[in-house]
Amino acid sequence: MANMIKIEVVTPEKRVVDDQASEVTIPGATGYLGILPGHAPLITEISVGEIAYKDSQGARQLLAVAWGFAEVLPDKVTVLAETAEKATDIDLERAQQARQRAEESIKSAATGTDTSDATNALKRAESRIKVAKDEGK
Ligand code: ATP
């Protein structure tokens, strides 16, 4: 299709997205990256955040994603992620509970304790909540 780019999002568990998009935004390691059809090839790390794309009907699609890599080619974006969930597959209550657990764990951590696991869990939960509520990028 002219002026469309193929988007595939794959996790170790399943192919989450196999679609065509007119524009795609991904959470690269150094910030959000906007991709249009014909984009120059690149490979980037993916951090925790939201993938957004406009599908062939012009509808905005959102996903929560955590860690991995994206390969961008002029006609295809491939994201290999540890976890990725479409808005409709997110259990909002579970994400809210995960956010609360992570916040409590960060708050109660003794000074000097490594809180990176809880911080990352908090980022994942916040991204899932954003996507479930359709507030992502
Ligand atoms: P939790 O503490 O609720 O398990 P987590 O951030 O530790 O959250 P992950 O390790 O990132 O969970 O993901 C484990 C699996 O559960 C993945 O397959 C992920 O897609 C799925 N998952 C995690 N949270 C949710 C959610 N709120 N809704 C739907 N699927 C989820």
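Atoms within a ligand are numbered from 1 in the order they appear, just like the ligands themselves.
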Give a yes or no on whether a salt bridge exists between D19 and K6, defined as a side-chain N under 4.0 angstrom from a carboxylate O. no
Run through the side-chain heavy atoms of Ile, Leu, Val, Met, Phe, Trp and Tyr, join any pair under 4.5 Å, and report what else lands in L122's cluster. I106
Using side-chain hydrogen bond (donor to acceptor under 3.5 Å, both in side chains) as the criterion, point out the one residue from N120, D114, T119 that pairs with S116. D114
In a check of side chain to side chain contact (heavy atoms under 4.5 Å, CB included) between L63 and each of I7, V17, V131, which one passes? V17
Going by an N to O cut-off under 4.0 Å, is there a salt bridge joining R124 and E126? no
Identify which one of K14, R128, R94 satisfies the salt bridge (Lys or Arg N to Asp or Glu O under 4.0 Å) criterion when paired with E85. R128
For ligand 1, what is the set of protein residues having any non-hydrogen atom at a distance below 4.0 Å? E13, T83, E85, D89, I90, D91, R94, A95, A98, R101, R124, R128
